[in-house]
Amino acid sequence: AIEAEQLEQLVRPCKLEILPTCIFRQNNPAIVGVHVLVGVLKPGVPLMKAGRTLTVVKSIESEGENIHRVEQDKEVAISLPDVTCGRQINGNDILYSAIPEDDFRKLKKLKKYLTAPEIQVMRDIAEMMRKDNPVWGI
């Protein structure tokens with residue numbers, strides 16, 4: 001139970017795709033529809049593309065209601081401050097949760113609670129981050 005609670009505090013591995021037909025607002029904040037491909041998405045999760053942190057999920061909405069967590073294979077709208085659709089992000093882009101290095105190390109210890117696709121996403125994130133810093137997360 002203690003480890004499960006620790007896991008809730010961490011930024012979990014997450015991979016999402018921006019739906020090209022669901023860009024509701026370009027900026028201030030950008031509001032886009034996303035399909036959660038892997039993992040769990042929550043407000044406050046930083047997002048990155050190609051190893052560069054872009055923004056943080058400000059809020060998540062589904063069918064007009066704010067929600068606090070989205071599971072895999074769901075489609076929701078998210079608001080993203082500090083990015084512009086058509087510049088930093090586009091339809092069909094794949095975004096990953098930008099896991100802080102400390103959280104990444106803790107997640108490695110709690111790996112037994114993650115699904116196989118989440119572990120694969122962690123590997124992908126580590127690979128992206130290690131392009132700039134070869135010892136990231138070790």
Side-chain angles (χ1 to χ4, degrees):
I2 293 168
E3 286 181 332
E5 198 171 296
Q6 285 178 334
L7 194 60
E8 281 303 306
Q9 304 301 315
L10 302 175
V11 174
R12 292 183 60 157
C14 182
K15 179 178 178 180
L16 26 116
E17 178 182 16
I18 297 175
L19 301 170
T21 57
C22 298
I23 295 173
F24 305 111
R25 194 189 301 159
Q26 300 284 313
N27 59 4
N28 291 342
I31 298 178
V32 296
V34 295
H35 179 110
V36 178
L37 300 170
V38 178
V40 177
L41 183 65
K42 294 190 270 192
V45 170
L47 294 177
M48 69 174 186
K49 178 173 132 185
R52 217 186 74 205
T53 302
L54 297 174
T55 184
V56 172
V57 177
K58 187 173 168 190
S59 64
I60 303 172
E61 198 172 286
S62 179
E63 296 173 8
E65 290 188 29
N66 274 351
I67 51 179
H68 299 291
R69 99 185 249 130
V70 186
E71 304 291 327
Q72 187 168 324
D73 285 331
K74 297 266 192 299
E75 292 185 352
V76 292
I78 58 175
S79 72
L80 304 171
D82 308 322
V83 292
T84 303
C85 292
R87 292 210 177 142
Q88 293 96 334
I89 57 172
N90 297 296
N92 292 327
D93 277 359
I94 302 291
L95 301 179
Y96 291 87
S97 53
I99 303 175
E101 199 169 354
D102 288 347
D103 285 13
F104 186 83
R105 288 193 192 104
K106 290 174 189 166
L107 281 167
K108 281 183 7 186
K109 291 181 183 127
L110 299 169
K111 203 184 250 182
K112 62 186 173 196
Y113 297 109
L114 300 176
T115 63
E118 282 180 310
I119 292 167
Q120 182 56 49
V121 168
M122 277 182 67
R123 285 190 192 111
D124 297 345
I125 291 169
E127 204 174 284
M128 280 186 253
M129 299 310 275
R130 287 180 185 144
K131 283 181 183 153
D132 295 332
N133 178 358
V135 294
W136 187 89
I138 296 174

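To the nearest 0.5 angstrom, Lys15 atom NZ is 11.5 Å from Ser97 atom OG. Lys131 NZ to Arg52 CZ: the interatomic distance, rounded to the nearest 0.5 Å, is 13.5 Å. The CG atom of Leu114 sits 6.5 Å away from the CE atom of Met122 when rounded to the nearest 0.5 Å. Within the model, atoms CD1 of Ile119 and CG of Asp124 stand 12.5 Å from one another, a figure rounded to the nearest 0.5 Å. The structure places CD1 of Ile18 at 7.0 Å from CG of Leu80, a figure rounded to the nearest 0.5 Å. Between atom CE of residue Met48 and atom OG1 of residue Thr55 there is a gap of 14.0 Å, rounded to the nearest 0.5 Å.
Within the 4.5 Å cutoff, side-chain heavy atoms of Leu37 are placed close to those of Ile94. Put simply, the side chain of Ile31 reaches to within 4.5 Å of the side chain of Ser79, judged on heavy atoms. You'll find the side chain of Lys106 stays beyond 4.5 Å of the side chain of Gln9, heavy atoms only. The shortest side-chain heavy-atom distance between Cys14 and Val45 does not fall under the 4.5 Å cut-off. In this structure, Lys74 and Leu41 have side chains that are not in contact, with every pair of non-hydrogen atoms separated by 4.5 Å or more. In this structure, the side chains of Leu107 and Leu7 come closer than 4.5 Å at one or more pairs of heavy atoms. In this structure the side chain of Leu47 never reaches within 4.5 angstrom of the side chain of Ile89, judged on heavy atoms.
The environment of NZ in Lys42 is crowded: more than 12 heavy-atom neighbours from other residues, nucleotides or ligands sit within 6.0 Å. Heavy atoms of other residues, nucleotides or ligands lying less than 6.0 angstrom from CD of Glu71 number more than 12. By the 6.0 Å contact criterion, CD on Gln6 is enclosed, its count of non-hydrogen atoms from other residues, nucleotides or ligands being greater than 12. A 6.0 Å sphere centred on CD of Glu8 holds more than 12 heavy atoms belonging to other residues, nucleotides or ligands.
A pairwise comparison of heavy atoms in Phe104 and Ala126 identifies CZ-CB, 3.6 Å as the closest pair. Of all heavy-atom pairs between Phe24 and Ala77, the closest is CE1-CB, 4.2 Å. Taking every heavy atom of both residues into account, Gly86 and Asn90 meet most closely at CA-OD1, 3.1 Å. Gly137 approaches Lys108 most closely through the heavy-atom pair O-NZ, 2.9 Å. The two residues Val11 and Asp103 make their nearest non-hydrogen contact at N-OD2, 3.0 Å. Closest heavy-atom contact between Ile23 and Cys85: CG2-SG, 3.5 Å.
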inquiry  = Using side chain to side chain contact (heavy atoms under 4.5 Å, CB included), reason through Lys49 and Gln88 one step at a time and then give a plain yes or no.
reply    = CA-CA 9 Å; Lys49 178 173 132 185; Gln88 293 96 334; over 6 Å; no
key: Leu110/Leu10 under side chain to side chain contact (heavy atoms under 4.5 Å, CB included): CA gap, chis, key distance, verdict   = CA-CA 11 Å; Leu110 299 169; Leu10 302 175; 4.1 Å; yes
key: Full working for side chain to side chain contact (heavy atoms under 4.5 Å, CB included) between Ile99 and Met129   = CA-CA 10 Å; Ile99 303 175; Met129 299 310 275; over 6 Å; no
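Grouping the Ile, Leu, Val, Met, Phe, Trp and Tyr side chains by contacts below 4.5 angstrom, directly or via other members, places Val38 apart from Leu19. Cluster membership for Val56 and Met128, using ILVMFWY side-chain heavy atoms within less than 4.5 angstrom, is not shared.
Of the charged side-chain nitrogens involved, at least one lies within less than 4.0 Å of a carboxylate oxygen, so that Glu101 and Arg105 count as a salt-bridged pair.
Formation of a donor-acceptor pair under 3.5 Å by the Asn27 side chain with backbone atoms of Pro29 is not found in this model.
Put simply, the residue from Val70, Ile78, Asp73, Ile60 that forms a side chain to side chain contact (heavy atoms under 4.5 Å, CB included) with Val36 is Val70.
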